Colleague: 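Quick one: this structure, given as structure tokens, is what I'll be asking you about.
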Amino acid sequence: MSLAGISLLIIAIAFAFIAIFVVKTLKAASSTMTSVSQTLEKVEGQMQGITTESESLLKKTNHIASDIETKTKTLDGLMDALGNVGTTVGHVNQSIQGVSESVAHASHERDEKVTNALRWGDAAIELYLKWKRKKVQ
């Protein structure tokens, strides 16, 4: 065999080794790509589940917000009613205060009348006692 033949044989063997290593590398890459593909399919399925759950959660949140808004409007009416009750109680308090002042004034006037009546009564009793003493003497 000549030098050219040996060179061709070495080149052929080197090419065969390169081809074998390329095939092994491509098989490993293919296996890795299959694994990545399966992982991405799982991730996609999980993302669809998360999306569905997120949509459901968003709908529930919107429903709760609507319910809270409705209840808040109901409470607004209640607060207005309580404000009116407070105003009414204030008017009642003013009326009671006016009646109380009237009663106090009337009581004061009657106290003066009772005091005057007692004075006149004392004076009348003293006059009667003086008259009776004069009559007895």
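Note that this is a predicted model, so its numbers are computed, not measured.
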Colleague: Is S7 reaching over with its side chain to a backbone N or O of L3, donor-acceptor style, under 3.5 angstrom?
Modeller: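 Pair found, side chain donor or acceptor close to backbone of L3.
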
Colleague: Checking one residue: I11. Which other hydrophobic residues are in its cluster under the side-chain 4.5 Å linking rule?
Modeller: none

Colleague: For residues 77-90, tabulate all N or O donor-acceptor pairs below 3.5 Å that involve a side-chain atom, not counting sequence neighbours.
Modeller:
{"residue": "T87", "atom": "OG1", "partner": "G83", "partner atom": "O", "Å": "3.1"}
{"residue": "T88", "atom": "OG1", "partner": "N84", "partner atom": "O", "Å": "2.9"}

Colleague: L40: which other cluster members, linking ILVMFWY side chains closer than 4.5 Å, directly or transitively?
Modeller: V36

Colleague: Using 0.5 Å steps for rounding, measure from the CG atom of L57 to the CD atom of E55.
Modeller: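 Separation between the atoms: 11.0 Å.
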
Colleague: Side-chain heavy atoms under 4.5 Å apart, restricted to Ile/Leu/Val/Met/Phe/Trp/Tyr: what other residues fall into the cluster of I96, or is it alone?
Modeller: V92

Colleague: Supply the members, apart from I20, of the Ile/Leu/Val/Met/Phe/Trp/Tyr cluster built from side-chain contacts under 4.5 Å; use none for a lone residue.
Modeller: none

Colleague: Going by side chain to side chain contact (heavy atoms under 4.5 Å, CB included), name the residues that satisfy it together with L129, two or more places apart in sequence or in a different chain.
Modeller: I125, R133

Colleague: Can you sort out the partners of I10 under side chain to side chain contact (heavy atoms under 4.5 Å, CB included), two or more places apart, ordered by chain and number?
Modeller: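 By the side chain to side chain contact (heavy atoms under 4.5 Å, CB included) rule, I10 matches I6.
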
Colleague: Scan the side chains in residues 64-71 for donor-acceptor partners under 3.5 Å anywhere in the protein, sequence neighbours excluded, and list what turns up.
Modeller:
{"residue": "D67", "atom": "OD2", "partner": "K71", "partner atom": "NZ", "Å": "3.2"}
{"residue": "T70", "atom": "OG1", "partner": "S66", "partner atom": "O", "Å": "3.0"}

Colleague: Please identify each residue that fulfils side chain to side chain contact (heavy atoms under 4.5 Å, CB included) with Y128, with sequence neighbours left out.
Modeller: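 Side chain to side chain contact (heavy atoms under 4.5 Å, CB included) list for Y128, sorted by chain: W131, K132.
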
Colleague: List for me each residue that meets side chain to side chain contact (heavy atoms under 4.5 Å, CB included) alongside S31, sequence neighbours excluded, and say none if there are none.
Modeller: none

Colleague: Side-chain donor-acceptor contacts of residues 21-29 below 3.5 Å, not counting sequence neighbours, with atom names and distances?
Modeller:
{"residue": "T25", "atom": "OG1", "partner": "F21", "partner atom": "O", "Å": "2.7"}

Colleague: What pairs of donor and acceptor atoms, side-chain ones from residues 42-52 against any protein atom, are under 3.5 angstrom apart with sequence neighbours left out?
Modeller:
{"residue": "T51", "atom": "OG1", "partner": "M47", "partner atom": "O", "Å": "2.7"}
{"residue": "T52", "atom": "OG1", "partner": "Q48", "partner atom": "O", "Å": "2.9"}

